[in-house]
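In what follows, chains are A, B, ... by sequence order, proteins preceding strands, each numbered from 1. Small disclaimer: the values here were computed from a predicted structure and weren't measured.
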Protein chains: 2
Amino acid sequence: MNLSSTHQKFVIHFGEMGARWGMNRTVGQIYAVLFLSEDPLCADDLVNALGVSRSNVSMGLKELQAWQLVRLQHQPNDRREYFSTPSDMWEIVRTLVDQRKAREIDPTLTVLRELQLDGDFDSSSEYAQERIQSTTQMIELLTEWYDDMRLVDSQRLEKLLKMGAAAQKVLDFKDKVTGKGGKN
Amino acid sequence: MNLSSTHQKFVIHFGEMGARWGMNRTVGQIYAVLFLSEDPLCADDLVNALGVSRSNVSMGLKELQAWQLVRLQHQPNDRREYFSTPSDMWEIVRTLVDQRKAREIDPTLTVLRELQLDGDFDSSSEYAQERIQSTTQMIELLTEWYDDMRLVDSQRLEKLLKMGAAAQKVLDFKDKVTGKGGKN
DNA sequence: CTGTAGTTTCAGCAATTACTGAAATATACG
DNA sequence: CGTATATTTCAGTAATTGCTGAAACTACAG
């Protein structure tokens, strides 16, 4: 790696984290290099930066594309494929959450709904039924909330987040004034 | 597995998901069985339910304890250790998020802060510095928001979530009325 | 103590996942 | 076309992770 020490530490750390985030070391490192690079990079740049095989980079990039975390583009008069990461941090966060939701939450929601439709609930305990139902409801509540917040523009989102739990007080107050309003 | 078909499907699915959630199949399955069981279960109950080795169950339970997802308890006149999951769904969600935050976010925040302190930033590009800084800020914003929301009681939290993006409008309105208030 | 029931540890094996280099495929350009 | 360059696929291997049974440990009862 011919990168500065700061660069290196960052890349190595993202490699370690990549594993915990459902990718793998190389994929995490590729992402980190692209993330810190102002200009798009081609596969060979990544081979040089990371010292892994060309084919490994190819597979890694494919996976990052599946995650929609990198963008493919072309340079004029150059056949090679160049990759970059979005410059907008919110876009990156949204993609990450979307993807992990799609991989870690949505399949469960599908199964839970199936269980409640076709499940032979007679043979399963009352308690288990309740548990499955309240799990479904919890996931629905959280994902619906996220689908909703997803659409708020960055500036407002930032404001909302900074406000944090204080928002809750404003809304409590509003309830009192308007006489228990809200969607629920 | 001597469980109902609904039970079985649920357990098998959580096994598959366990892998994606940073545990592994057996750990996911153990959790699923405990989650659906009204009464606490001992290790041998889990061996019977899942058909895996006693030692595997032991290791799995150890990991679930590390995740703080199960509770150890004792029955009167029985030396065996019994395990259960909290009945409150919010408690479970909170634990899950806490744990994943601790494993997947906090270490990164630590590294990013280190990089900004001791990093030899001279040798690293301007752009990379900006990226590292805005990543730090983004993570700080999100984790501070979570730390804040964590403390809101379940009922209010549910209300807030159901309100979703609509909350934003109420707050926009409040801004206009009070003349740009809020923490920011 | 000694015996017994419960639990944990761990070495060895199994299964899965990650990585490589070589071969195959695709693409642009003369 | 043909050839040079870029990319992907894939079989084989390396590394990691998961699982088991046997042995070691623990705690309690007699």
- Do A/H13 and B/P107 come within less than 4.5 Å of each other through their side chains, counting heavy atoms only? yes
- Mind calculating the distance between CZ (A/R54) and P (C/dT20) to the nearest angstrom? 13 Å
- B/L72 CG - C/dT8 P separation (whole Å): 9 Å
- Task: Nearest whole angstrom, please: distance from the P of C/dT7 to the CD of B/Q65.
- Result: 11 Å
- Message: Does C/dT7 have its OP1 or OP2 closer than 4.0 Å to a side-chain nitrogen or oxygen of B/K62?
- Response: no
- Query: Taking 5' to 3' order, which nucleotide of DNA chain D is first and which is last to have an atom within less than 4.0 Å of a heavy atom in chain A?
  - Reply: D/dA4 to D/dT9
- Calculate the interatomic distance between B/N56 atom CG and C/dT8 atom C1'; express it in whole Å. 13 Å
- Checking all strands, does A/N24 fall into the base, sugar-phosphate, or nothing category for heavy-atom contacts under 4.0 angstrom? sugar-phosphate
- Task: Answer yes or no: is there an ion pair linking A/E140 with A/R113, defined by an N-O contact shorter than 4.0 Å?
- Result: yes
- Message: So, does A/S53 get its side chain near the phosphate of C/dC19, meaning an N or O under 4.0 Å from OP1 or OP2?
- Response: no
- Message: From CG of A/N77 over to P of C/dG30, roughly how many Å is that when rounded to an integer?
- Response: 11 Å
- Item | Electrostatic pair B/R71-B/E91, nearest N-O below 4.0 angstrom | yes
- Message: Once you apply a heavy-atom cut-off of 4.0 Å, does A/R79 come out as touching a base, just sugar-phosphate, or nothing?
- Response: base
- Message: Can you work out whether A/D78 or A/S55 has the more 5'-proximal nearest nucleotide on DNA chain D?
- Response: A/D78
- Item | Separation of C/dG6 P from B/L41 CG (nearest whole Å) | 15 Å
- Atom CG of B/L46 and atom C1' of C/dT7 are separated, to the nearest Å, by 14 Å
- Note on the structure: Here the distance between atom P of C/dT9 and atom CG of B/L61, to the nearest Å, is 12 Å
- Query: Taking B/R54 for the side chain and B/V47 for the main chain, is one N or O donor matched with an acceptor at less than 3.5 Å?
  - Reply: no
- Message: Are the side chains of A/M138 and A/L142 in contact, using a 4.5 Å heavy-atom criterion?
- Response: yes
- Message: Can a side-chain donor-acceptor contact be found between A/E38 and B/S125 if the only test is distance below 3.5 angstrom?
- Response: no
- Ignoring hydrogens and geometry, is there a side-chain-to-backbone donor-acceptor pair from A/R103 to A/D98 under 3.5 Å? no
- Message: Need to verify one output field. Residue with the more 5' nearest nucleotide on DNA chain C, B/M59 or B/R80?
- Response: B/R80
